[in-house]
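Written below as structure tokens is the structure these notes are about.
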Amino acid sequence: MTDDLCRFFVPGPTWVRPAILQEMMRPMIGHRSAEFRDLFRRINAGLKPLFDTAQTTFVVTATGTGVMQAALENCVARRVLVTTCGAFSERWLAIAESLGYEADRLDVPWGKAVDVDVLADHIASRRARYDAVTITYNETSTGVTNDVAALARVVREESPDTLILVDAVSALGGMPMHFDEWDLDVCLASVQKCLALPPGITVTAVSDRAFARAKKHPYRGTYFDFVQYAARAAEDSVPSTPSIPHFYGLARQLDDILRGETLERRFERHQQMRDITIERTSHFAKLAADREVASPTVTALQPVKSPDVIRAEMKKRGYTLGGGYGEWKETSFRIGHMGDITIESLEAMLDALTEVAAS
Ligand SMILES: *Cc1c(COP(=O)(O)O)cnc(C)c1O
């Protein structure tokens, strides 16, 4: 970086502060050492308020997709309901099918959020029980935020034994999460989105209810066995060699978020970034998502001009924007405004984008 402004606006991985990269260059320690246990305790002390939970939290050395698979392997014996509203929520379906589960899908058109009443009706009308329901907190392909609290509530009311698995990948650290209050069972987030670390690890919260279920499944595999993760976490440890540089970076980042900026101000900054982005692009691009459910962390735009031309022109000015995704690949582009990006950087990027879109 030649200046303090971030020019990287991809919706994951996101820009990483130099201080975090520096932190990740510390000398190696053994993962069975007292130093590592201290590091683990520091991280776990930060993960509890991040997830807002008193239940088990841990870090898995794998990206979010790995822990999505883990959540299904640990929590589902036979049937799962997948709520979908875009490409990332559909990933749950692909994983469930690859594992041989019976997966039903409850879909809404791209740009819309999952409908709470439709979910309630669907679960109430099914006589066969679902082992789990999957919810995607923030659909990164469309820039839509789902109402996890309300969706979880209807699942719990209509089917108390059904586990609730939440992908919070592009949400955690950028918008509120109340794991215990919302009564969730698994919540996972890769760290390269709102937590603004390099990709490679995933923070995870698991309920006591989910552990009880996992213990009944004899074949949970080894690497992703939540029961082993919990047993090790109780000793401030992990089952296998973790990405230690990431642990250093995460410990520092959690300190900076919780004690420096604070979660409250971080969430406010993300909402501001959404509002500024929508406001300042409205005269040259259509917001792809419904405005009421537009995400605080990523905005998908359908511009009048070709999205490819816009992105190429921005690249010439040193700015990287995200491409369109899936069904919207040709017609849209995305601005990731999550993690440690400042309002000042966003405004500077939008100045350039306004020029590019008008020329
Ligand atoms: C990025 C993303 C993923 C994929 O995560 P990986 O860390 O690349 O495995 C899954 N879900 C959502 C909502 C995402 O934004």
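Sequence positions, counted from 1, serve as the residue numbers for this chain. Both ligands and their constituent atoms are indexed starting at 1 by order of listing.
In terms of polar-atom proximity, T65 is counted as a contact of ligand 1, with an N or O under 3.5 Å from an N or O of the ligand. In terms of polar-atom proximity, T136 is not counted as a contact of ligand 1, lacking any N or O under 3.5 Å from an N or O of the ligand.
Atom 4 (C) of ligand 1 has as its closest protein heavy atom R91 NH1, 3.4 Å. Of all protein heavy atoms, the one lying nearest to atom 7 (O) of ligand 1 is S190 OG, 2.7 Å.
Each of the atoms 1 (C), 2 (C), 3 (C), 14 (C), 15 (O) of ligand 1 lies under 4.0 Å from some heavy atom of K193. Of all the atoms in ligand 1, the ones that sit under 4.0 Å from a non-hydrogen atom of G64 are 6 (P), 7 (O), 9 (O). Using a 4.0 Å cut-off to heavy atoms of N138, the atoms of ligand 1 that qualify are 13 (C).
A salt bridge links R42 with D255: the distance from a Lys NZ or Arg NE/NH1/NH2 to an Asp or Glu carboxylate oxygen falls below 4.0 Å. One finds a salt bridge joining D183 and R209 here, because a Lys/Arg side-chain nitrogen approaches an Asp/Glu carboxylate oxygen to under 4.0 Å. Salt-bridge formation is detected for the pair D225/R220: a Lys NZ or Arg NE/NH1/NH2 atom is positioned less than 4.0 Å from an Asp or Glu carboxylate oxygen. Taking the charged nitrogens against the carboxylate oxygens, R37 and E235 have no contact shorter than 4.0 Å, which rules out a salt bridge. Here R78 does not pair with D131 in a salt bridge; the nearest charged N to carboxylate O distance is not below 4.0 Å.
Of all the heavy atoms of D167, the ones lying under 4.0 Å from any atom of ligand 1 belong exclusively to the side chain. Contact annotation for T202 and ligand 1: no heavy atom of the residue comes within less than 4.0 Å of the ligand. Of all the heavy atoms of Q192, the ones lying under 4.0 Å from any atom of ligand 1 belong exclusively to the side chain.
Distance check: E97 CD to W92 CH2 gives 14.0 Å after rounding to the nearest 0.5 Å.
If you look at F224 and Y229, their ring centroids are not closer than 6.0 Å. F36 has its ring centre less than 6.0 Å from the ring centre of F247.
Taking only non-hydrogen atoms, the option from V191, T297, V169, T140 nearest to atom 15 (O) of ligand 1 is T140.
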